[in-house]
Enquirer: 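This structure is in structure tokens; I'll ask about it shortly.
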Amino acid sequence: MKTEETTPYSPHTIEKKWQQRWNKEEVYKTDSSLSANNTKYVLDMFPYPSGAGLHVGHPLGYIATDIYSRYLRMNGYSVLHPMGWDAFGLPAENYAIQTGVHPSKSTQKNIETFKRQINMLGLSYDWNREINTSEPDYYRWTQWLFLQLYKQGLVYKQKAPVNWCDSCQTVLANEQVKDGKCERCKHQIVQKNLDQWFFKITVYADQLLGDIDSLDWPESIKLMQRNWIGRSEGARVKFKVQSSKLKVDDKVDEIEVFTTRPDTLFGATYLVLAPDHKIIHDLKSQISNLKDVEEYIKMAKNKTDLQRTDLSKEKTGVELKGVTAINPVNNKEIPIWVADYVLSSYGTGAIMAVPAHDERDWEFARKYNLPIIEVIMPVEGESHKDEESRDTITAIVQRKEDNKYLIVKWKEFGWIAPPIGGIDNGEIPEETAVREVLEETGYKVKPIRKLGGKIEMHFYAENKNVWRKRFDQPVLCELISDKQDVVSNEEKSRHDILWLSQKELFEKVTHHYNLIGYERFIKNNYSYAGHGTLINSNEFDGMSSDEARSLITKKVNGKLTIQYKLRDWLISRQRYWGAPIPIIYCDACGIVPVPEEQLPVELPTDVDFNPTGESPLVYSKAFHNVICPQCQSPARRESDTMDTFVDSSWYFVRYIDPKNAHEIASKELMKKWMPVDMYVGGAEHAVMHLLYARFITKAIRDIGYLEFSEPFTSLRNQGLILAEDGRKMSKSLGNVVNPDDVVKQFGADTFRLYEMFMGPFKDAKPWSTRSMVGLYRFLEKVWKIGNSGLKQGYNDELQKKISGLSKKVSSDIESFDFNTAIAACMSCVNTIIDVGVGKQQWQEFLVILSPFAPHICEELWSISGKTESITFEKWPHCVVKTSSTDTIRIDVQINNKSRGYVTIKRSAETQDNITKLIRDDSKLASYINDTYKVIKYISGEKIIIMVQ
RNA sequence: GCCGGGGUGGCGGAAUGGCAGACGCGCUGGACUCAAAAUCCAGUGUCCGCAAGGAUAUGUGGGUUCGACUCCCACCCCCGGCACCA
């Protein structure tokens, strides 16, 4: 292309010009008329307006939704694409403590910065719908929501052990505690018993779990939610408590446990209570070693969560002497222990320990010498008709010098297995093991002990041509001497002897040879946690775990139940900068909800922010003292505020109708827009925000305000943007990239393209300022083409490319593969530079590029003669040209190597013709000689394979 | 430990089971220039070769297939989440 004198690409002039114009003409204002159909709601997770301003990670998601929204508009949709501020929160309050600047002031200032930065990127938000959770107009409805939930019985107040952060001087929700530390300030969390408000999210546990399946969300997020909700099926079983001192009027006569494995009840050899279990207190008078017990409880209480969950440490516990429990299934007397490996907050806070079939109980039982009874026999394979049944042993022989194991390789069948043999009449398994090892290998061994219980195995014996069932007992043996006895020739001819390391065992030992037994042995863990066949369980012997669970539960009058890990949502915060909880305490009337017409309960301004452990609101006379709405006598207001996650659990509803003074949002408008079609944000909200929003949605639905159950139909996560050094961007490392600087240097369009081009949207990827020039160069090329007098011509090769481009970019935008969409645009521009472009084709190209780089495309669009904004231009839908259907491409492989392809008319597609084509193709012909022939030709897959 | 997601040039990354490395960065050489930037042209996985070309190559080892980055099995490593939930 000739280098003509054109105006240089000057992004700042163009971008400023178009941003002003879009703003003035309210191009992005939502068409909110009820008649508008084909609506889409595209939403970003709204930011907390921090003092640091916009970080380059924020726009990644915003640019993606902007591209998505622009694409949808061009496809005829009416798009709701709003932005707002999650403005309540601790940082603003902490800033106030340091500087004395009121949070509303600093927040307002931060919002201005954020907004300026967002606008500088040319993002197509409808600012008429801007919301701010810290404004009374907004939190009035947060409070209203609280009252609705209260009315529904979904809110309660309770003294409960809560997570207290001494640094933040407030409680935290379970979800906000990471590794026993405050998620925000990393301070150690302590447990405090406080009177706090809770939302009953657990009421919805079942629905929250069940509805996950229907969501178009990343599987990883769905899984995290499922795990967080943590549903387990099991049973509650009561154990009678027995004591030498037990009096008739004693209240405590039983302990209820929750177990997921009622089928193992015969193996329950002791009970364990959590250290803070109420029953311990009630049993006090019966416990003979009370001092030891109290000391243990005190020690356990002083442990931090981090210490308690340190799995590398041994479990500890203490027996309650003087009391015992009765296992209801066989009336056996078993000891009761207290140990902090049992949690009071899950199930009943008490467990039945089955050491033979639970790893933790096993570890504990071994340490304290508690009895271990096997009641489940593992089963490998499935049973078949006419099985032969035999009792066998597997001898596990370890050589001390090198820790290798004695293994036999069967020549005829290729099996690799330890010595195995049938137990003869009158033998005990240990004797069989010694005998078999000697017979097969000539080694003399002595038995050490049985490894766990028997294992039931079903397998096909190839050598005998029959299905077999074995009840196999693994026996650990020790080598007496390295010397081998003479082995009979018959045995020798059948197998070789190998010594394998642990690792090799897992790799080489073949199929049905006792892998369960091995694994349990090698991992030094003889508890078997899987299902199987019951043994040592009286009348239930021989049943499967599945059959036995309900029958045993029934026999002991237990109850089959479902247990969740999910706990109620603690929403009280002892801080100022949040929505006040709309509750009044009256000496006469008790807890009185603030009447709806008195909302909002506004935050006072006469407060001292310095944290005291109580809400700063306590010290505001104007706020604290109030008249009881019921009896008009003096009363006081609740001084706690709500967790900011309450604000963000419903904000997407308010965007629908942000200025409505009578309702949270008009039902008609909600019907029109909700639920959110596409929601984009970071994966760090996998369980908190996203679960809370789902819960609140279901709750409002049940109150009658919504007609759907899930707020976010589709969810996409953006990946983290790392610093150039590959580490996380952080102020302290000094590696933060400021979007202002980048835009100043390259312009917004380059910035947008770069962030989308960096790599897959959902992946973490490092920033590279150096690589940005590539995108700038690309736009310079685009600029040059757009400014060099366009021909009227029409180029076939290019038209094919542009049709393909429209298809490629469409599908890439829909699947959030923005990086490859941009690559395709670049490739197209390279073609244009090579072959030239006609005006109409150029305009089509601009439309395709415009969602990514709207400013330059608007400018070139107008330079090309258009007067309307490109915003609502119709997206060029590729007409799939069918002219090429009668020719097909046949890839050619010669001697298993792809060498090229030939194109042929479908009608002429015969092997002879193809053979000729290959011979005529100079490149392909160079790979063949005169005697070559086509050996295989797969028409449907367009593949041809030949051998010379 | 368990559950996810990944391992492809110097770098970011492309590849419905069909010519691996698209696109971009960087680098090398050349053109333009007094010179340098910018721009343009050519090249760029590795090894052998003057070249044509050949060999080799997608974490490691096996397997399925005419054909494997892609599917299956085992292992190693990295990232993220959960973690005594009975």
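Convention: sequence-line order gives letters A, B, ...; per-chain numbering from 1. Note that these values count all heavy atoms, side chains included, but never hydrogens, waters or copies made by symmetry.
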Enquirer: For B/rC66 versus B/rC78, give the span between their C1' atoms, rounded off to a whole number of Å.
Expert: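 To the nearest whole Å, 36 Å.
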
Enquirer: Using a 4.0 Å heavy-atom cut-off, does A/Thr260 contact any base of the nucleic acid, only the sugar-phosphate backbone, or nothing at all?
Expert: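 Sugar-phosphate contact only - A/Thr260 comes under 4.0 Å of backbone atoms but never of a base.
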
Enquirer: Please state how far atom CE in A/Met826 lies from atom C1' in B/rA14, giving the value in whole angstrom units.
Expert: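 About 13 Å, once rounded to whole Å.
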
Enquirer: Rounded to the Å, how far apart are A/Glu684 CD and B/rG80 P?
Expert: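 Whole-Å distance recorded here is 13 Å.
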
Enquirer: At less than 4.0 Å, is any side-chain N or O atom of A/Arg777 found next to OP1 or OP2 of B/rC40? Yes or no.
Expert: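 Negative; the distance criterion is not met.
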
Enquirer: Sticking with atom P, work out how far B/rG30 lies from B/rA35, rounded to a whole angstrom.
Expert: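 Between the two P atoms, the distance is 13 Å.
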
Enquirer: Could you tell me whether A/Asp725 and A/Arg727 have a side-chain N and a carboxylate O separated by less than 4.0 Å?
Expert: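 Salt bridge present between A/Asp725 and A/Arg727.
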
Enquirer: Which of the following nucleotides, B/rC23, B/rA86, B/rU39, is nearest to the side chain of A/Glu780?
Expert: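 That would be B/rU39.
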
Enquirer: Closest-nucleotide mapping onto RNA chain B: is A/Pro760 or A/Ile351 further toward the 5' terminus? I mean the 5' end.
Expert: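 Closest to the 5' end, via its nearest nucleotide, is A/Pro760.
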
Enquirer: What does the B/S/- profile of nucleotides 4-9 of chain B look like, 5' to 3', with a 4.0 Å heavy-atom cutoff to protein?
Expert: S-----

Enquirer: Indicate yes or no: does A/Asp216 engage A/Arg716 in a salt bridge with an N to O separation below 4.0 Å.
Expert: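 A/Arg716 and A/Asp216: salt-bridged.
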
Enquirer: Between A/Arg777 and A/Glu780, does any NZ, NE, NH1 or NH2 come within less than 4.0 Å of an OD or OE carboxylate oxygen?
Expert: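 Here A/Glu780 does not pair with A/Arg777 in a salt bridge, since their nearest N and O are not under 4.0 Å apart.
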
Enquirer: Counting only side-chain heavy atoms from C-beta out, which of B/rG12, B/rA86, B/rG26 sits nearest to A/Val342?
Expert: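 Looking only at heavy atoms from C-beta outward on A/Val342, the closest nucleotide is B/rA86.
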
Enquirer: Which whole number of Å gives the distance between the C1' atom of B/rG21 and that of B/rG10?
Expert: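 Between the two C1' atoms, the distance is 14 Å.
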
Enquirer: NA contact type, A/Asn830, heavy-atom cut-off 4.0 Å: base, sugar-phosphate, or nothing?
Expert: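 It contacts sugar-phosphate atoms only.
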
Enquirer: Output the single nucleotide from B/rA86, B/rC84, B/rA15 whose closest atom is nearest the side chain of A/Lys315.
Expert: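 Between B/rA86, B/rC84, B/rA15, the one nearest the side chain of A/Lys315 would be B/rC84.
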
Enquirer: In Å and rounded to the nearest 0.5 Å, what is the CG to CG distance from A/Asp812 to A/Asn819?
Expert: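 The CG atom of A/Asn819 is 7.5 Å from CG of A/Asp812, to the nearest 0.5 Å.
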
Enquirer: Considering only side-chain heavy atoms of A/Asp358, which listed nucleotide, B/rA86, B/rA14, B/rA83, is closest?
Expert: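 Of the candidates, B/rA86 comes closest.
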
Enquirer: Between B/rG13 and B/rU58, how far apart are the two C1' atoms, rounded to whole Å?
Expert: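 So the two C1' atoms sit 13 Å from each other.
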
Enquirer: Please determine, for the side chain of A/Ala823, which listed nucleotide (B/rA86, B/rA22, B/rC40) has the closest atom?
Expert: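 Selected nucleotide: B/rA22.
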
Enquirer: In this structure, how many angstroms lie between the C1' atom of B/rG13 and the CE atom of A/Met758, rounded?
Expert: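 So the two atoms are 11 Å apart, to the nearest Å.
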
Enquirer: Taking the C1' atom of each, how far is B/rC19 from B/rA57, in whole Å?
Expert: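 These two C1' atoms come out 15 Å apart once rounded.
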
Enquirer: Let me see the working for A/Tyr776 and A/Tyr9 under ring pair (Phe, Tyr, Trp, His ring centres under 6.0 Å), right down to the final yes or no.
Expert: CA-CA 10 Å; A/Tyr776 188 82; A/Tyr9 172 44; 5.5 Å; yes

Enquirer: How are the rings of A/Phe258 and A/Tyr346 set to each other: parallel, tilted or perpendicular (split at 30° and 60°)?
Expert: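 Perpendicular, since the angle between the ring planes exceeds 60°.
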
Enquirer: If I take atom CG in residue A/Leu720 and atom C1' in nucleotide B/rG81, what distance separates them, rounded to the nearest angstrom?
Expert: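 Computing the A/Leu720:CG to B/rG81:C1' distance gives 14 Å.
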
Enquirer: First locate atom CZ of A/Phe778, then atom CZ of A/Phe852, and finally report the distance between them rounded to the nearest 0.5 Å.
Expert: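 Atom-to-atom, A/Phe778:CZ and A/Phe852:CZ are 9.5 Å apart.
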
Enquirer: Here's one to test your reading of the geometry: is the NZ or CZ of A/Lys315 within 45 degrees of the ring axis of A/Phe364 and under 6.0 Å from its centre?
Expert: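 No, A/Lys315 does not sit over the ring of A/Phe364.
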
Enquirer: Round to the nearest Å and state the distance from A/Trp767 atom CH2 to B/rC25 atom P.
Expert: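 For the pair A/Trp767 CH2 and B/rC25 P, the rounded distance is 16 Å.
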
Enquirer: Which heavy atom of A/Phe761 sits nearest a heavy atom of A/Gly61, and at what distance?
Expert: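 Looks like CZ-CA, 4.1 Å.
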
Enquirer: For A/Gly774 and for A/Lys765, locate the closest nucleotide of RNA chain B by heavy-atom distance; then report the residue assigned to the nucleotide nearer the 5' terminus.
Expert: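 The residue closer to the strand's 5' end, by nearest nucleotide, is A/Lys765.
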
Enquirer: Between B/rU70 and B/rG59, how far is it from one C1' atom to the other, in whole Å?
Expert: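 16 Å, rounded to whole Å.
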
Enquirer: Hey, can you tell me if A/Phe751 and A/Trp767 have their rings parallel, tilted or perpendicular (30° and 60° cut-offs)?
Expert: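 Answer is tilted, since the angle falls between 30° and 60°.
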
Enquirer: Glycosidic conformation of B/rG9, syn or anti, with 90° from 0 as the boundary?
Expert: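 It is syn.
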
Enquirer: Looking only at side-chain N and O atoms, does A/Ser232 come under 4.0 Å of OP1 or OP2 in B/rA86?
Expert: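 It does, given that an N or O in the side chain of A/Ser232 lies less than 4.0 Å from OP1 or OP2 of B/rA86.
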
Enquirer: Could you please name the option among B/rG24, B/rG26, B/rA86 that lies closest to any side-chain atom of A/Val773?
Expert: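 Between B/rG24, B/rG26, B/rA86, the one nearest the side chain of A/Val773 would be B/rG26.
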
Enquirer: List the steps and the verdict of salt bridge (charged side-chain N to carboxylate O under 4.0 Å, His left out) for A/Arg261 and A/Asp263.
Expert: CA-CA 5 Å; A/Arg261 296 295 301 276; A/Asp263 53 311; 2.9 Å; yes

Enquirer: So what does the secondary structure string of RNA chain B come out as, 5' to 3', with Watson-Crick or wobble pairs under 3.5 angstrom, [ ] for crossing and | for pairs with another strand?
Expert: (((((((..(((.....[....)))((((((.......))))))((((....))))..(((((..]....))))))))))))....

Enquirer: What's the spacing between A/Met352 CE and A/Asn327 CG if we round to 0.5 Å?
Expert: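 Rounded to the nearest 0.5 Å, the CE-CG separation comes to 7.5 Å.
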
Enquirer: Please state how far atom CD in A/Glu755 lies from atom C1' in B/rG12, giving the value in whole angstrom units.
Expert: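 After rounding, the gap between these two atoms is 14 Å.
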
Enquirer: Do the side-chain N or O atoms of A/Asn819 get closer than 4.0 angstrom to the phosphate oxygens (OP1, OP2) of B/rA14?
Expert: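 Answer is yes, contact under 4.0 Å.
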
Enquirer: Say we look at B/rU60 and B/rC69: how far apart would their P atoms be, to the nearest angstrom?
Expert: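 Taking atom P in both B/rU60 and B/rC69, they lie 12 Å apart.
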
Enquirer: Between B/rA86 and A/Tyr341, is there an OP1 or OP2 to side-chain N/O distance shorter than 4.0 Å?
Expert: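 Result: no.
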
Enquirer: Taking only the C1' atom of each, what is the distance from B/rU46 to B/rU64 in whole angstrom?
Expert: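 To the nearest whole Å, 29 Å.
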
Enquirer: Can you tell me how far P of B/rA22 sits from CD1 of A/Ile822, to the nearest Å?
Expert: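 The distance from CD1 of A/Ile822 to P of B/rA22 comes to 18 Å, rounded to the nearest Å.
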
Enquirer: Check the distance between B/rU16's C1' and A/Asp817's CG and give it to me in whole angstrom.
Expert: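 Rounded to whole Å, this separation is 14 Å.
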
